[in-house]
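Have a look at the structure below before the remarks.
Only a predicted model underlies this, so the values are computations on that prediction, with no experimental measurement involved.
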Amino acid sequence: MEIEKEHIYITPAELENLSDAPFSGDEENGGSEERKTEINGNWIPATSITEAKINAKAKRRLRKNSSRDSGRGDSVSDNGETLKVGAVPTSPKGKLLDRRSRSGKGRGLPKKGGAGGKGVWGTPGQVYDVEEVDIKDPNYDDDQENCVYETVVLPLDERAFEKTLTPIIQEYFEHGDTNEVSEMLKDLNLGEMKYSVPVLAVSLALEGKASHREMTSKLISDLCGTVVSKTDVEKSFDRLLKELPELVLDSPRAPQLVGQFIARAVGDGILSSTYIDGYKGTVDCIQARAALDRATVLLSMTKGGKRIDNVWGSGGGQQSVKHLVKEIDMLLKEYLLSGDVLEAERCLQELEVPHFHHELVYEAVVMVLESVGEKTFKMMLDLLKSLWRSSVITMDQMKRGYERVYCEIPDINLDVPHSYSVLERFVEECFRAGIISKPLRDLCPSRGRKRFVSEGDGGRLKLESY
């Protein structure tokens, strides 16, 4: 029985699984007798299988070339035709990654000239104009054109006020620039807390040095008229007088210091001259009465020629050398009269010149050399011992003071005989008390002893030193 010829179409997956082996001689020459092949129980002509193999092989080559650079080598199209170099790639992947124009025009540069795209504003140097409001925009509002937007700073409450202004005032004590403080306060919305600015500044100055109190007086004077008014200044001193019982707990000298602040404010013209008169007979607080009495005394002294702007004295670095020498000389003379070591130590610290303490050491030793008797010797020794133990005078300042005496002892000896022997004795006592070190003691100069034999001494050496 003869089998009928049937043409059966198979899927591409089945075609890909077909063998790629080379054809036999009968297949290439195409014999006269048509051959059949059985696939899945079906018989297909050999010519159909040959065409399917050729198409499958061409597709494999196309997929292989499309994975490479689309511009390199030749590629095969879907129809099996070979494309030349430079032809537009037909691979979907190549079309996706290609940034050249698909219209076939231009020089092959990237689209948009490099502008646009993700994370790009536009071409370099492009200036955008002000965007005009579109009236037809559904979100358009007529009131938006007349709106004025401003930054609103909320007023400070009492807790935030102290937390914000305390670092500003403490920093002012370091740089001393009132203009910077004024600019910083203008940026804050103080509201009804303006009068608290002088109160906080004075409270911090009470715990500081004399130079800090002088800087505080200048700050209040400069802020008056720009940040605070004269009414705010009067209100601030009223509050300080009410809070004096609490301020005394931290600063025992608060009544006297507040009185000096009031007198200085009156002298600067930021407080009315009748401010103190308004409190006469109406003050029950002892501390407030003491502050007003102190201010009254200082203001009455201005009539005698005393300047009220020097109520705090000059700051350490602002004082001249002649003034400092005079102050230290008066300090030592008052100490010799009173014998109060603690008062002398306090006065020295109020000068605020730790770099000039060697002057006190120098003057103390010179007074010992010029004195007669043991009183000055012992008192100066006790003073230097106390200042050394309390670390008011450092080792460096003590050394510089003694070295100055060592250098000038020849000139001192011209006016004060036997100064060499007194200096040696004082230096030895200071070394025993632990005030100076052994190397500094060994540097103490000593006058050479001249021993000679006269004709009438019988060969005996004289022990007297000259």
Open item on the list: Is it the case that the ring center of Phe356 lies less than 6.0 angstrom away from the ring center of His358?
Closed with: yes
With rounding to the nearest 0.5 angstrom, report the [atom1] to [atom2] distance, [X] to [Y].
X      : Y      : atom1 : atom2 : answer
Leu156 : Glu162 : CG    : CD    : 12.0 Å
Leu348 : Glu327 : CG    : CD    : 11.0 Å
Ile328 : His323 : CD1   : NE2   : 10.0 Å
Asp187 : Asn189 : CG    : CG    : 11.0 Å
Ile169 : His212 : CD1   : NE2   : 12.5 Å
Trp388 : Ile436 : CH2   : CD1   : 10.0 Å

TODO: For Asp232 and Ser229, run side chain to side chain donor-acceptor pair (under 3.5 Å): C-alpha distance rounded to whole Å, both residues' side-chain angles, the deciding distance at 0.1 Å, then the answer.
DONE: CA-CA 5 Å; Asp232 296 329; Ser229 61; 3.1 Å; yes
TODO: Go through the steps to decide whether Glu180 and Lys186 satisfy the test salt bridge (Lys or Arg N to Asp or Glu O under 4.0 Å), and finish with yes or no.
DONE: CA-CA 10 Å; Glu180 182 177 348; Lys186 288 179 181 178; over 6 Å; no
Which atom of [X] lies closest to which atom of [Y], heavy atoms considered:
X      : Y      : answer
Leu336 : Met367 : CD1-SD, 4.2 Å
Glu424 : Ser446 : OE2-CB, 2.5 Å
Ser419 : Ile412 : OG-C, 4.3 Å
Leu247 : Ser203 : CD2-OG, 4.3 Å
Ala205 : Arg213 : O-CG, 3.4 Å
Glu345 : Ser390 : OE2-OG, 3.5 Å

TODO: Report yes or no: is the cationic atom of Arg400 (NZ for Lys, CZ for Arg) under 6.0 Å from the centre of the six-membered ring of Tyr362, at an angle within 45° of the ring normal?
DONE: no
Mind checking whether [X] and [Y] have side chains closer than 4.5 Å, heavy atoms only?
X      : Y      : answer
Glu207 : Ser251 : yes
Phe161 : Leu188 : no
Thr178 : Leu223 : no
His355 : Val353 : yes
Val427 : Val405 : no
Leu241 : Leu292 : yes
Ser196 : Ser236 : no
Val181 : Tyr172 : yes

Does a side-chain N-to-carboxylate-O contact under 4.0 Å join [X] and [Y]?
X      : Y      : answer
Glu429 : Arg432 : yes
Asp329 : Lys333 : yes
Arg264 : Glu214 : yes
Arg346 : Glu350 : yes
Glu359 : Lys326 : no

For the pair [X] (side chain) and [Y] (backbone), establish whether a donor and an acceptor sit closer than 3.5 Å, ignoring hydrogens and angles.
X      : Y      : result
Ser221 : Lys218 : no
Ser386 : Leu383 : no
Ser338 : Glu334 : yes
Tyr335 : Met379 : yes

Task: Pairs meeting criterion ring-ring contact (aromatic ring centres under 6.0 Å, His included) with involvement of residues 239-275, two or more places apart - done: Phe261-Trp312, Tyr275-Tyr279
Does [X] [atom1] have over 12 foreign heavy atoms under 6.0 Å away?
X      : atom1 : answer
Leu443 : CG    : yes
Arg389 : CZ    : no
Glu246 : CD    : no

TODO: Walk me through it: do Val228 and Ile270 pass the test side-chain contact (heavy atoms from CB on, under 4.5 Å)?
DONE: CA-CA 10 Å; Val228 297; Ile270 60 176; over 6 Å; no
TODO: Evaluate the side-chain contact (heavy atoms from CB on, under 4.5 Å) criterion for residues Val199 and Glu243: first the C-alpha distance (whole Å), next the side-chain angles of each, then the deciding distance (0.1 Å), finally the verdict.
DONE: CA-CA 10 Å; Val199 175; Glu243 294 181 354; 4.2 Å; yes
Open item on the list: Parallel, tilted or perpendicular: which one describes the rings of Phe377 and Phe426, with boundaries at 30° and 60°?
Closed with: perpendicular
TODO: List the steps, then state whether side-chain contact (heavy atoms from CB on, under 4.5 Å) holds for Leu360 with Leu384.
DONE: CA-CA 9 Å; Leu360 183 137; Leu384 294 179; 4.3 Å; yes
TODO: Run the numbers on Met398 and His357 for side-chain contact (heavy atoms from CB on, under 4.5 Å), then give the verdict.
DONE: CA-CA 8 Å; Met398 190 73 70; His357 285 174; over 6 Å; no
